[in-house]
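Being a predicted model, the structure only gives us computed values, none of them experimental. The chains referred to below are lettered A, B, ... by the order of the sequence lines, with proteins before strands, and numbering in each begins at 1.
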Number of protein chains: 2
Amino acid sequence: MANADPGDRVTLKDVARRAGVHPGTASRALNAETRELVNGETAERVLAAAEELGYRPNPIARGLKTSRSYTVGVLIPDLTNPLFPPIVRGIQDRLEEAAYTPLIVNTDNDPDRERADIEAMRARQVDGLITATARRDQGLPAGLERLSLPVVLVNRRLEDGARPSVVADDRKGIGLAVEHLLSLGHRRIAHLAGPQELSTGHLRHDGFIEAMRAAGIDPDPELVLVGTAFIESEGERLCNELLDRELEVTAIVAGNDLMAVGCYDVFVERGIDCPGEISVVGYNDMPFVGWFSPPLTTVHLPHYEIGARAAGLLLDQLRDPEIEPAQVLLEPELVVRGSTAAPLARDGQPA
Amino acid sequence: MANADPGDRVTLKDVARRAGVHPGTASRALNAETRELVNGETAERVLAAAEELGYRPNPIARGLKTSRSYTVGVLIPDLTNPLFPPIVRGIQDRLEEAAYTPLIVNTDNDPDRERADIEAMRARQVDGLITATARRDQGLPAGLERLSLPVVLVNRRLEDGARPSVVADDRKGIGLAVEHLLSLGHRRIAHLAGPQELSTGHLRHDGFIEAMRAAGIDPDPELVLVGTAFIESEGERLCNELLDRELEVTAIVAGNDLMAVGCYDVFVERGIDCPGEISVVGYNDMPFVGWFSPPLTTVHLPHYEIGARAAGLLLDQLRDPEIEPAQVLLEPELVVRGSTAAPLARDGQPA
DNA sequence: CTCGATCCTGCAAACGATTGCGAGGCCGAC
DNA sequence: GTCGGCCTCGCAATCGTTTGCAGGATCGAG
């Protein structure tokens with residue numbers, strides 16, 4: 001454990017010299033897979049020498065020879081979106097265990113940037129890619145289809161399952177929200193959907209319809225509105241539009257938490273009591289939504305685990321390129337807080 | 001612009017062969033600084049060949065020789081802390097402009113991990129380091145002092161100013177908060193301070209005392225409590241302790257937003273009206289605190305700019321290692337929301 | 001005692017780029 | 001006509017590892 005001075009780099013040659021062996025031998029002794037090729041005693045001597053000198057293999061040199069960079073590209077839309085930090089953290093932690101380093105870029109959902117980023121990652125010789133950008137118009141981000149680079153998809157899944165992916169079960173998640181509202185007694189439930197080009201927006205929309213039908217309710221088309229982005233202002237716009245229709249509606253399933261917040265805006269503006277007059281449930285369980293007024297009932301996704309699993313799948317693929325691409329589906333969880341309650345009867349009393 | 005098939009990597013040798021020159025010559029032609037060493041016509045031929053083949057220099061091989069990686073290490077405590085994503089995003093964006101890539105690691109404020117991370121970054125040949133870990137017990141993260149690696153400090157500053165740094169003016173920020181409360185009529189103001197080992201905790205504590213004195217008020221020592229971490233539960237604990245003392249107190253300056261939230265907990269529990277009976281101001285302006293109940297008055301820090309400036313300083317230093325280490329001080333800004341109001345007079349009416 | 005097999009280890013060639021050095025060609029000056 | 005200088009370029013070493021190959025030592029079997 002006595003690290004020598006880390007002043008200047010200690011190279012494999014130094015270790016070899018100290019152990020009295022050839023660098024080649026030292027290399028074999030240090031790498032677990034080739035260690036069996038060298039005498040146990042010698043190996044120990046090398047390991048000891050490495051330890052004493054505080055030797056760290058130079059991944060650059062190693063990568064040059066093995067044409068592996070021990071580096072993984074991570075494409076996300078925007079780190080600033082509270083959805084992604086836990087995912088990224090999961091990726092980082094899992095990758096770190098395997099001595100891989102993630103290179104993280106923000107695409108801002110711009111296809112051009114996405115292309116450029118992928119090109120840049122390729123130039124940097126990444127060994128694989130994790131992409132959490134969720135447009136579903138094309139199967140894969142442009143420039144990846146013909147690329148024989150291990151890729152794992154987050155929040156998106158290929159129809160043919162040709163690439164490993166990890167997604168949360170949005171259908172089921174929305175189902176949880178709907179069932180919760182139904183069990184409270186709601187029947188006139190609206191859905192403010194996210195953009196349908198995004199797989200998440202699409203799945204949640206479908207999930208909503210499905211869950212309503214499963215309960216024997218034919219969802220009123222007037223009660224489902226589709227937005228152009230998963231943002232607060234869209235939630236606000238849609239909510240206003242919904243209320244302007246002056247239909248009976250006692251609960252709203254928002255496409256995500258931000259859109260739910262947009263509803264809050266409208267309620268404040270119009271003096272509507274939530275959850276007294278209308279209930280809202282969000283999606284994602286972003287940090288701090290429990291502190292909102294009212295605390296937001298929402299669907300929690302295992303973000304960290306999503307990231308960790310994605311990284312795990314990529315590592316699997318790196319170890320064995322022929323491996324069957326796994327499709328991981330993670331379970332969402334309903335978090336009941338203060339934005340949902342039983343609907344009022346006509347007379348203003350709880351039904 | 002006609003990229004050949006990107007199927008397999010094209011190397012410098014390929015380019016050289018196509019241009020009918022030696023790889024060494026091709027290398028010189030490709031690099032802007034050495035281009036003058038080769039005949040203009042030849043250079044053009046090489047450039048053309050490179051373009052046609054879609055040549056991308058292999059940064060790994062280049063790095064091996066030049067021991068430059070065009071890579072920068074970024075040390076943060078925890079990406080999951082909402083403070084950091086905007087900072088990181090600022091770093092990423094600024095670095096990207098200069099074709100540098102950040103390697104981001106989470107230290108979890110663990111000195112051992114910090115050491116290991118720095119060691120790992122060194123092994124990866126990072127050209128520089130940005131560290132946003134803010135313990136102030138030692139001057140620099142362990143293992144950096146003697147290292148001749150360009151470093152810029154975020155949220156921390158060396159006494160001797162030997163390294164460039166960018167920090168927000170915490171003294172002034174707290175001053176803003178105090179002045180705001182004073183102007184509302186508060187006199188009995190408490191401070192729930194963060195850990196004093198962190199420079200931010202320390203500076204804000206000092207800033208509080210200073211600002212009070214500047215207003216001619218000698219701060220009651222009973223009204224300033226010091227916590228062990230910048231977290232909600234500490235805010236809660238401290239707030240309880242404060243109220244248990246049964247002193248007159250009409251406002252609280254929390255060490256950060258999370259601690260302010262801890263106060264909210266206590267208020268709910270004890271049935272205290274905020275801001276009616278007591279005002280609270282936070283620090284950092286985390287995302288969504290405007291949605292809390294009541295919306296949190298807090299001090300906003302230019303997080304994105306902090307990151308961007310830090311990256312800028314590092315780039316400066318990489319371009320010219322002899323450059324004077326700049327010390328950047330950024331301005332905080334008070335954001336008044338709903339958690340502060342004029343204190344009540346004894347009779348329950350606004351004073 | 002000899003011979004082949006088995007281990008272990010050293011040697012040297014890669015990987016893909018950069019770069020000091022020197023060789024050759026060309027030109028102008030004397 | 002010769003020589004010096006400059007421009008351009010090729011040669012080869014190098015960065016730190018990995019890895020195929022082969023040689024030397026050791027050992028057991030015949």
### Query
Could you give the NE2-to-P distance, from A:His22 to C:dC7, as a whole number of Å?
23 Å
### Summary
Here the distance between atom C1' of D:dG16 and atom CG of A:Leu30, to the nearest Å, is 13 Å
### Task
For B:Gly20 and for A:Ile60, find the nucleotide of DNA chain D with the closest heavy atom, then tell me which residue's nucleotide is more 5'.
B:Gly20
### Query
Contact class for A:Thr66 vs. all strands (heavy atom < 4.0 Å): base, sugar-phosphate, or nothing?
sugar-phosphate
#### Entry: Interatomic distance, A:Lys13 NZ vs D:dT17 C1' [rounded to whole Å]
11 Å
### Query
Distance check: side-chain N/O of B:Ser27 vs OP1/OP2 of C:dT18, anything under 4.0 Å?
yes
### Summary
B:Lys65 atom NZ is separated from C:dA17 atom P, nearest whole Å, by 14 Å
### Task
Report yes if at least one side-chain N or O of B:Asn39 is closer than 4.0 Å to OP1 or OP2 of D:dC7; otherwise report no.
no
### Task
For B:Pro59, report the nucleic acid contact type (base, sugar-phosphate, nothing); a contact means any heavy atom under 4.0 Å.
nothing
### Query
Salt bridge or not for B:Glu36 and B:Arg28, using N-O below 4.0 Å?
no
### Pair B:Arg122 + B:Asp117: basic N to acidic O under 4.0 Å
no
### Task
Looking at every strand, decide which applies to A:Leu37 at a 4.0 Å heavy-atom threshold: base, sugar-phosphate, or nothing.
base
### Message
It should be established whether A:Arg62 places a side-chain nitrogen or oxygen under 4.0 Å from OP1 or OP2 of nucleotide D:dT18.
### Response
yes
### Message
Quick test of your reading of the model: are B:Arg17 and B:Asp14 salt-bridged, counting only N-O distances below 4.0 Å?
### Response
yes
### Task
Respond yes when some side-chain nitrogen or oxygen of B:Tyr55 is under 4.0 Å from OP1 or OP2 of C:dG16, and no when none is.
no
### Task
Return no unless some side-chain N or O of A:Thr25 is found under 4.0 Å from OP1 or OP2 of C:dG10.
yes
### Message
Pick the closest DNA chain C nucleotide for A:Ala61 and for A:Gly40 by heavy atoms, then say which residue is nearer the 5' end.
### Response
A:Gly40
### Message
Reading DNA chain D from 5' onward, which residue's closest nucleotide shows up sooner: B:Thr42 or A:Pro57?
### Response
B:Thr42
### Message
Tell me the interatomic distance from B:Arg35, atom CZ, to D:dC9, atom C1', rounded to whole angstroms.
### Response
16 Å
### Query
Under 3.5 Å, is there an N or O donor on one side and an acceptor on the other linking the side chain of A:Arg28 and the base of D:dG20?
yes
### Summary
A:Gln125 atom CD is separated from C:dA17 atom C1', nearest whole Å, by 12 Å
#### Entry: Between C1' of D:dT19 and CD of A:Glu36, the distance in whole Å
14 Å
### Query
Got a salt bridge between A:Asp93 and A:Arg89, using NZ or NE/NH1/NH2 to carboxylate O under 4.0 Å?
yes
### Task
Would you check if the side chain of A:Asn106 reaches a backbone N or O of A:Asp108 as a donor-acceptor pair within less than 3.5 Å?
no
### Query
If we only count heavy atoms from C-beta on, is the B:Leu47 to B:Arg35 side-chain gap below 4.5 Å?
yes
### Query
Between C:dG16, C:dT18, D:dC9, which nucleotide has the shortest distance from any of its atoms to the side chain of B:Val38?
D:dC9
### Message
What is the distance, to the nearest angstrom, from the CG atom on A:Leu64 to the P atom on C:dG16?
### Response
7 Å
### Query
Reckon A:Thr34 has a side-chain N or O less than 4.0 Å from the OP1 or OP2 of D:dT18?
no
